[in-house]
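Heads up, the thing below is written out as structure tokens.
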Protein chains: 2
Amino acid sequence: MLNNSQYIDKLRSSGLRPTKQRIKICEILFNSQKTFHFTINDLVEKISKATNDKISLATVYNTVHAFKKKGYLKEIPINSDQSYFDTNTSHHHHFYDESQKDLIDIDDADVEPVKINTKIPGKKIRSVEVLVKVEDIKS
Amino acid sequence: MLNNSQYIDKLRSSGLRPTKQRIKICEILFNSQKTFHFTINDLVEKISKATNDKISLATVYNTVHAFKKKGYLKEIPINSDQSYFDTNTSHHHHFYDESQKDLIDIDDADVEPVKINTKIPGKKIRSVEVLVKVEDIKS
DNA sequence: TCAACAGTTTAGAATTATTATAATGTAGAA
DNA sequence: TTCTACATTATAATAATTCTAAACTGTTGA
Ligand SMILES: [Mn+2]
Ligand SMILES: [Mn+2]
Ligand SMILES: [Zn+2]
Ligand SMILES: [Zn+2]
């Protein structure tokens with residue numbers, strides 16, 4: 001969607017230096033029409049397919065965490081050994097296909113707002129996430 | 001709540017041999033009035049306080065996974081490095097206090113049923129879980 | 001009663017995701 | 001161009017979890 005100079009602006013305006021590595025990761029994460037879910041490992045593979053210059057694993061972690069902190073990525077709580085990240089930062093919920101180990105967005109229009117009729121004193125709500133685990137019908 | 005012979009029956013009827021280690025873990029997990037949440041590490045600490053006989057880490061993992069498979073424990077998807085387990089296997093949702101790293105049950109009466117108006121062909125729903133992340137108001 | 005077997009436990013090694021370290025490199029300001 | 005704070009990197013460290021393979025034990029049925 002955006003070209004490099006737009007990523008550079010985006011990074012600068014976030015207080016992040018537009019380094020080669022961060023721009024490349026922006027291209028991979030934010031160039032596509034569709035949003036998607038990924039693990040750090042997925043991202044490392046995408047990077048190695050997209051470029052000959054390697055980006056170190058530490059930088060991938062650092063960048064993903066920086067983007068998450070800036071709100072450009074969300075981390076999705078799937079109980080798993082690996083963290084799942086989401087380039088779709090709008091409010092939405094997920095199916096998790098346990099047979100295929102696949103995360104699928106649920107269109108927000110398809111979920112009635114979740115009503116919680118209780119609260120915890122001294123705490124404020126940061127997010128409300130619904131995870132619908134599904135599996136093959138036959139199993 | 002139950003005494004040892006009841007745990008033995010419970011284990012036997014589940015097809016699990018009632019070994020010393022499993023009975024001890026049953027006592028720790030299911031003897032208390034209130035249900036609770038724990039990590040493997042929490043459980044290991046409880047065991048070492050409750051008995052002089054050590055139970056190896058591998059057995060703790062094996063047993064927790066066996067109990068989960070039998071439906072005596074639930075695993076709660078908090079994105080974290082550690083798995084959280086729940087002795088409350090009835091349908092309910094959670095607050096996760098990000099300031100205190102604390103999991104708190106939400107009484108099921110306090111949550112309106114979550115309505116999902118879409119489905120995935122060939123898949124059936126296994127669970128619907130709501131996670132409400134909260135933090136200190138000041139932060 | 002007890003031998004035999006399947007299932008279980010165990011210590012320790014292996015694996016995997018993630019984070020820390022500390023040296024080197026670089027973007028941006030002056 | 002020079003300087004400096006920030007970023008990247010290779011590598012080591014850490015931490016959760018799983019694997020391995022040998023020793024052990026609950027149960028069964030002769
Ligand atoms: Mn797990
Ligand atoms: Mn994390
Ligand atoms: Zn999503
Ligand atoms: Zn709970």
Side-chain angles (χ1 to χ4, degrees), chain A residues 4-5 7-28 37-45 47-48 51-70 72-73 75-85 101 103, chain B residues 4-5 7-26 28 37-48 51-70 72-73 75-85 101 103:
Chain A
N4 283 14
S5 77
Y7 291 131
I8 291 173
D9 292 345
K10 179 177 175 160
L11 288 166
R12 270 219 190 84
S13 69
S14 311
L16 297 171
R17 282 193 186 162
T19 62
K20 258 194 302 290
Q21 294 85 348
R22 285 174 175 168
I23 293 164
K24 175 57 68 179
I25 291 173
C26 277
E27 285 172 14
I28 290 167
H37 307 108
F38 66 93
T39 64
I40 294 291
N41 223 48
D42 294 337
L43 180 53
V44 167
E45 281 179 24
I47 291 168
S48 72
T51 179
N52 291 318
D53 314 315
K54 300 197 189 314
I55 299 181
S56 84
L57 184 58
T59 297
V60 177
Y61 273 100
N62 289 342
T63 302
V64 165
H65 286 143
F67 287 3
K68 180 190 171 192
K69 182 176 286 182
K70 294 298 177 185
Y72 304 143
L73 291 174
E75 194 167 358
I76 307 298
I78 302 296
N79 208 333
S80 173
D81 328 333
Q82 274 175 103
S83 285
Y84 280 73
F85 294 89
K101 305 286 177 213
L103 244 194
Chain B
N4 283 14
S5 79
Y7 291 130
I8 292 173
D9 293 348
K10 176 175 177 163
L11 288 166
R12 270 218 192 84
S13 69
S14 310
L16 298 171
R17 283 193 187 161
T19 63
K20 258 194 300 291
Q21 294 84 348
R22 285 172 174 169
I23 293 165
K24 173 58 64 181
I25 291 174
C26 276
I28 290 167
H37 308 106
F38 65 94
T39 63
I40 294 291
N41 222 47
D42 294 337
L43 181 52
V44 167
E45 283 181 21
K46 279 173 187 281
I47 291 168
S48 70
T51 179
N52 292 316
D53 315 314
K54 301 198 188 315
I55 299 180
S56 85
L57 185 59
T59 298
V60 176
Y61 274 100
N62 289 341
T63 302
V64 165
H65 286 144
F67 287 2
K68 179 190 171 190
K69 182 176 285 179
K70 293 300 176 182
Y72 305 143
L73 290 173
E75 195 168 355
I76 307 299
I78 301 298
N79 209 334
S80 171
D81 329 333
Q82 272 174 105
S83 285
Y84 280 71
F85 294 90
K101 306 287 178 212
L103 244 195

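So that the names make sense, note that chain A is the first sequence line, chain B the second, and so on, each numbered from 1.
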- request: Would you mind reading off the distance between A:K54 atom NZ and D:dA10 atom P, rounded to a whole angstrom?
  value: 10 Å

Review item, nucleotides 27-29 of chain C N/O atoms under 3.5 Å of protein N/O:
| unit_1 | atom_1 | unit_2 | atom_2 | d |
| --- | --- | --- | --- | --- |
| C:dG28 | OP1 | A:R12 | NE | 2.9 |
| C:dG28 | OP1 | A:R12 | NH2 | 2.8 |
| C:dG28 | OP2 | A:R12 | NH2 | 3.0 |

query: Is there a side-chain contact between B:V44 and B:F38, using heavy atoms and a 4.5 Å cut-off?
result: no

Quiz: residues 14-21 of chain B side-chain donor-acceptor pairs under 3.5 angstrom, not counting sequence neighbours:
| unit_1 | atom_1 | unit_2 | atom_2 | d |
| --- | --- | --- | --- | --- |
| B:S14 | OG | B:K10 | O | 2.6 |
| B:S14 | OG | B:Y72 | OH | 2.4 |
| B:T19 | OG1 | B:R22 | N | 3.3 |

- request: Side-chain contact test, heavy atoms from C-beta onward, threshold under 4.5 Å: evaluate it for A:F67 versus A:L11 and give yes or no.
  value: yes

Test item: A:H37 side-chain N/O and A:L103 main-chain N/O as donor-acceptor pair under 3.5 Å: yes

query: Are A:F85 and A:T39 side-chain neighbours, meaning at least one heavy-atom pair lies under 4.5 Å?
result: no

- prompt: C:dT8 P sits how many Å from B:F67 CZ, rounded?
  reply: 11 Å

field: Among D:dT8, D:dT9, C:dA11, the one nearest A:I55 by side-chain distance
entry: D:dT9

- request: For B:K69, enumerate each residue passing the side chain to side chain contact (heavy atoms under 4.5 Å, CB included) test, keeping only those at least two apart in sequence or located in another chain.
  value: none

message: Between P on D:dA7 and NZ on A:K70, what's the gap in Å once rounded to a whole number?
response: 10 Å

query: If only side-chain N and O atoms of A:S83 are considered, is one of them under 4.0 Å from the OP1 or OP2 phosphate oxygen of C:dT18?
result: yes

- prompt: OP1 or OP2 of D:dT17 sitting under 4.0 Å from any side-chain N/O of B:Y61?
  reply: yes

message: Can you see if the side chain of B:H65 gets near the phosphate of D:dT18 - specifically, an N or O under 4.0 Å from OP1 or OP2?
response: yes

- prompt: How many angstroms lie between atom CD1 of B:I25 and atom OG1 of B:T63, to the nearest 0.5 angstrom?
  reply: 4.0 Å

Test item: A:I40 and A:Y84 side chains (from C-beta on) under 4.5 Å apart, heavy atoms: no

Between side-chain atoms of residues 55-62 of chain A and protein atoms elsewhere (two or more places apart, or another chain), which donor-acceptor pairs fall under 3.5 Å?
| unit_1 | atom_1 | unit_2 | atom_2 | d |
| --- | --- | --- | --- | --- |
| A:S56 | OG | A:T59 | N | 3.3 |
| A:S56 | OG | A:T59 | OG1 | 3.2 |
| A:N62 | ND2 | A:A58 | O | 3.3 |

Dump the pairs, protein N or O against N or O of nucleotides 12-16 of chain C, anything under 3.5 Å, distances to one decimal.
none

message: Measure OH/B:Y7 against P/D:dG26 and give the value in whole Å, please.
response: 19 Å

query: Taking CG from A:N62 and C1' from D:dT11, how many angstroms apart are they, rounded to a whole number?
result: 14 Å

task: Give one of base, sugar-phosphate or nothing for B:L57, where a contact means two heavy atoms less than 4.0 Å apart.
output: base

- request: Hey, could you give me the CD1/CG distance between A:I8 and A:N4, rounded to the nearest 0.5 Å?
  value: 6.0 Å

- request: Please check if any side-chain donor atom of B:N41 sits under 3.5 Å from a side-chain acceptor atom of B:Q82, or the reverse.
  value: no

query: Can you check whether A:S56 has a side-chain N or O nearer than 4.0 Å to OP1 or OP2 of D:dT8?
result: no

- request: Find the distance between CG (B:L73) and CD1 (B:I76) and round it off to the nearest 0.5 Å.
  value: 10.0 Å

task: Could you check how far CZ of B:R22 sits from P of D:dT27, rounded to whole Å?
output: 10 Å

- request: Take atom CG of B:N41 and atom C1' of D:dT17, then tell me their distance rounded to the nearest Å.
  value: 12 Å

- line: One should report the stems of DNA chain C, each a stretch of at least three consecutive Watson-Crick or G-U pairs at distances under 3.5 Å, as C:1-30 with D:1-30

task: Check whether any side-chain N or O of A:Q21 sits under 4.0 Å from OP1 or OP2 of C:dT26, and answer yes or no.
output: no

task: Write down the distance between CZ (B:F85) and C1' (D:dA16), rounded to a whole number of angstrom.
output: 11 Å

